[in-house]
Participant: 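This structure is in structure tokens; I'll ask about it shortly.
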Amino acid sequence: MLTLAPWDPARADEVRRLLGPAPDHGVSFGRGLCRPDSDGSGPRPFGRARLLLDGDGAPVGVAAVRENPGHPSRLRAYVEIRPDHRRRGLGTAALAALGRLAAAEDGRRLHVRCVRGTAGHRFTEASGGVEIQRARELRLRPADLGPPPGGWSVSRQLVGPGTHIPEDCVRAYRDSFAAGHRDWNPARERTVEDCRRDFFTDIPAVFLAVRRPGDGSVAGVAFVDPPGLDGELFGPDTGFSGWPTDLDDPDGPAIVAALLAAAAREAPDGELVAEVDDAFRATAAVVDPIVREVLLDLVHAQL
Ligand SMILES: CC(C)(COP(=O)(O)OP(=O)(O)OC[C@H]1O[C@@H](n2cnc3c(N)ncnc32)[C@H](O)[C@@H]1OP(=O)(O)O)[C@@H](O)C(=O)NCCC(=O)NCCS
């Protein structure tokens with residue numbers, strides 16, 4: 001018998017010990033969803049976490065469902081079962097209970113994020129999850145692309161506390177971020193000032209903008225997180241996340257190549273660790289031939 005008990009922070013350490021060290025990024029991400037409940041009122045988004053107990057009241061796992069405030073149309077869901085209790089249907093029962101919990105109180109569909117090829121991925125597929133996006137973290141060496149195309153100027157600006165990025169750059173970032181997520185994980189509507197606050201003021205980073213020859217409009221955007229800036233999102237590596245502002249721009253490959261070449265100049269070893277969702281088609285196509293290592297291959301699925 002499986003019982004769902006309210007999340008008890010006092011038992012969190014005991015449960016963590018029973019679950020063991022996180023074997024992959026999907027698991028560590030999911031465990032981060034296990035936090036005290038919130039009903040969605042005030043600034044805290046909707047979230048529920050439950051301890052899974054067997055008939056004797058012993059913990060056998062955890063389950064959580066939580067809104068991602070940046071992408072509120074679905075709820076992130078996570079189930080984890082103790083290694084010594086797996087393949088007995090407990091995960092399936094917990095996911096069904098989570099679905100009922102979310103539906104009763106909220107009604108939004110569930111969104112699962114797991115690492116391709118793991119037990120979590122097989123379980124997601126067996127539970128009827130449909131893949132809606134491939135999201136990879138890739139080690140790249142942009143020099144392997146050869147010299148960047150001429151004619152594209154790239155501006156470099158520091159982002160973080162006390163900086164001010166021009167409005168056309170923030171607007172271009174907001175609109176292209178929304179376009180790249182629209183079909184699979186719609187982003188919360190943001191004003192330009194919301195976007196500035198959410199992405200451009202807290203965490204130090206380098207922001208690159210490619211300007212279109214002729215009218216000077218923003219044709220490509222990227223965040224770069226080099227070591228030493230205290231952004232700390234990519235540890236000792238230089239992080240990259242960028243794309244053309246028009247996802248179907250015929251010049252998209254040249255714009256991405258210009259961004260990558262400029263980003264590589266921020267990297268002490270010339271290598272980047274890029275976050276690439278396939279929805280950003282031009283970026284995915286340009287980086288494919290220069291992948292040195294796939295660090296993370298994430299599946300986003302909808303249930
Ligand atoms: C994924 C997880 C929750 C599955 O829990 P579980 O209690 O073993 O799942 P179930 O017994 O209900 O399995 C249901 C089906 O999923 C599939 N499945 C589950 N684990 C699998 C594995 N290791 N390999 C292949 N298929 C698997 C099977 O089709 C299984 O049915 P079957 O046993 O009749 O073949 C568990 O492996 C776990 O905690 N993993 C770490 C956390 C995680 O990745 N969570 C997924 C994100 S929601």
Side-chain angles (χ1 to χ4, degrees), residues 1-8 11-37 45-68 70-137 184-185 277 294-303:
M1 193 187 75
L2 186 69
T3 309
L4 275 70
W7 184 253
D8 179 357
R11 294 187 81 180
D13 282 344
E14 176 195 358
V15 177
R16 234 176 262 130
R17 191 171 39 76
L18 291 168
L19 294 174
D24 63 57
H25 182 272
V27 169
S28 35
F29 176 86
R31 289 182 185 178
L33 303 179
C34 298
R35 283 177 273 141
D37 286 359
F46 175 89
R48 297 277 182 276
R50 296 289 176 265
L51 281 171
L52 306 174
L53 307 176
D54 68 11
D56 299 324
V60 293
V62 296
V65 64
R66 188 160 292 276
E67 176 183 324
N68 174 351
H71 301 273
S73 65
R74 295 193 203 84
L75 296 172
R76 286 284 173 84
Y78 183 70
V79 172
E80 185 170 354
I81 304 297
R82 275 169 58 171
D84 53 343
H85 283 59
R86 291 183 186 169
R87 301 306 285 269
R88 301 180 198 169
L90 289 175
T92 303
L95 189 61
L98 213 50
R100 287 193 296 276
L101 193 69
E105 301 203 34
D106 189 278
R108 280 175 277 182
R109 298 190 68 163
L110 300 183
H111 180 150
V112 172
R113 178 182 134 129
C114 51
V115 175
R116 193 178 304 280
T118 61
H121 182 207
R122 304 268 172 265
F123 169 74
T124 300
E125 289 184 324
S127 306
V130 175
E131 181 166 347
I132 52 174
Q133 189 64 224
R134 179 175 66 157
R136 290 172 299 165
E137 200 173 287
W184 66 281
N185 195 18
D277 292 349
V294 178
L295 300 167
L296 199 56
D297 190 355
L298 281 179
V299 176
H300 287 270
Q302 173 173 282
L303 288 163

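One-based numbering, in listed order, for ligands and for the atoms of each.
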Participant: Could you check atom 3 (C) of ligand 1 against the protein and tell me its nearest heavy-atom contact, residue, atom and distance included?
Facilitator: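 I find the closest protein heavy atom is Val79 O, 3.6 Å.
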Participant: Check contact between Thr118 and ligand 1, using heavy atoms of the residue and a distance below 4.0 angstrom.
Facilitator: no
Participant: List the closest protein heavy-atom neighbour of atom 14 (C) of ligand 1: residue, atom name, distance to the nearest 0.1 Å.
Facilitator: Thr92 OG1, 3.3 Å
Participant: Looking only at distances, can you tell me whether any N or O atom of Thr124, backbone or side chain, sits closer than 3.5 Å to an N or O atom of ligand 1?
Facilitator: no
Participant: Checking a contact table here: which protein heavy atom is nearest atom 11 (O) of ligand 1, and how many Å away?
Facilitator: Gly89 N, 2.8 Å
Participant: Is Arg82 reaching over with its side chain to a backbone N or O of Pro59, donor-acceptor style, under 3.5 angstrom?
Facilitator: yes
Participant: Starting from atom 7 (O) of ligand 1, what is the nearest protein heavy atom, named by residue and atom, and what distance separates them?
Facilitator: Gly91 N, 2.8 Å
Participant: How many angstroms lie between OG in Ser127 and CZ in Arg122, if you round to the nearest 0.5 Å?
Facilitator: 13.0 Å
Participant: Rounded to the nearest 0.5 Å, what separates atom CG in Leu95 from atom CG in Leu90?
Facilitator: 12.5 Å
Participant: Is Arg136 reaching over with its side chain to a backbone N or O of Leu295, donor-acceptor style, under 3.5 angstrom?
Facilitator: no
Participant: Identify, by atom number and element, the atoms of ligand 1 in contact range of Arg88, meaning under 4.0 Å from any of its heavy atoms.
Facilitator: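 Listed by number with element: 11 (O).
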Participant: Output the distance between atom OG1 (Thr92) and atom CZ (Phe123), rounded to the nearest 0.5 Å.
Facilitator: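 Thr92 OG1 to Phe123 CZ: 4.5 Å, rounded to 0.5 Å.
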Participant: Between Ala126 and ligand 1, which part of the residue brings a heavy atom under 4.0 Å of the ligand: side chain, backbone, both or neither?
Facilitator: side chain
Participant: CG of Asn68 to CZ of Arg113: how many Å apart, nearest 0.5 Å?
Facilitator: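 Reported value, rounded in 0.5 Å steps: 9.5 Å.
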Participant: Among all the protein's non-hydrogen atoms, which is closest to atom 23 (N) of ligand 1, and how far away is it?
Facilitator: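 Heavy-atom neighbour on the protein nearest atom 23 (N) of ligand 1: Ala119 CB, 3.3 Å.
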Participant: Counting only heavy atoms, tell me which of Arg86, Arg122, Glu125 gets closest to atom 25 (C) of ligand 1.
Facilitator: Arg122
Participant: Is Val27 close to ligand 1, meaning an N/O of one under 3.5 Å from an N/O of the other?
Facilitator: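 No, since none of the N or O atoms of Val27 sits under 3.5 Å from an N or O of ligand 1.
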Participant: Any protein heavy atom lying closer than 4.0 Å to atom 44 (O) of ligand 1?
Facilitator: yes
Participant: Any N/O of Val112 closer than 3.5 Å to an N/O of ligand 1?
Facilitator: no
Participant: Glu80 heavy atoms, cut-off 4.0 Å: which ligand 1 atoms fall inside?
Facilitator: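 Here the atoms of ligand 1 in question are 39 (O), 42 (C).
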Participant: Hey, does Arg87 come in under 3.5 Å of ligand 1, counting only N/O atoms on both sides?
Facilitator: yes
Participant: Among Asp54, Leu53, Ile81, Val60, which residue satisfies the side-chain contact (heavy atoms from CB on, under 4.5 Å) criterion with Leu2?
Facilitator: Val60
Participant: Quick one: CH2 on Trp184 to NE2 on His111, what's the gap to the nearest 0.5 Å?
Facilitator: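 These two atoms lie 6.0 Å from each other.
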Participant: Look at the side chain of Arg66 and the backbone N and O of Arg35, then say whether any donor-acceptor pair between them is shorter than 3.5 Å.
Facilitator: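 Here the side-chain-to-backbone pair exists.
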Participant: Is the backbone of Leu75 close enough, under 3.5 Å, to the side chain of Arg108 for a donor and an acceptor to pair up by distance?
Facilitator: no
Participant: Would one find an N or O of Cys114, backbone or side chain, under 3.5 Å from an N or O of ligand 1?
Facilitator: no
Participant: For atom 46 (C) of ligand 1, what's the nearest protein heavy atom and its distance?
Facilitator: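 Result: Gly120 CA, 3.6 Å.
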Participant: Starting from atom 39 (O) of ligand 1, locate the nearest protein heavy atom and write down its residue, its atom name and how far away it is, to 0.1 Å.
Facilitator: Ile81 N, 2.8 Å
Participant: Quick test: of every protein heavy atom, which one is nearest to atom 42 (C) of ligand 1, and how far off is it to 0.1 Å?
Facilitator: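 Its nearest protein heavy-atom neighbour is Tyr78 OH, 3.3 Å.
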Participant: Measuring from Asp37:CG to Arg50:CZ, what's the distance to the nearest 0.5 Å?
Facilitator: 4.5 Å
Participant: Does ligand 1 have any atom sitting under 4.0 Å from a heavy atom of Gly26?
Facilitator: no
Participant: Please answer whether the main-chain N or O of Gly26 pairs with a side-chain N or O of Asp24 as donor and acceptor at a distance below 3.5 Å.
Facilitator: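 Yes: the side chain of Asp24 pairs with the backbone of Gly26.
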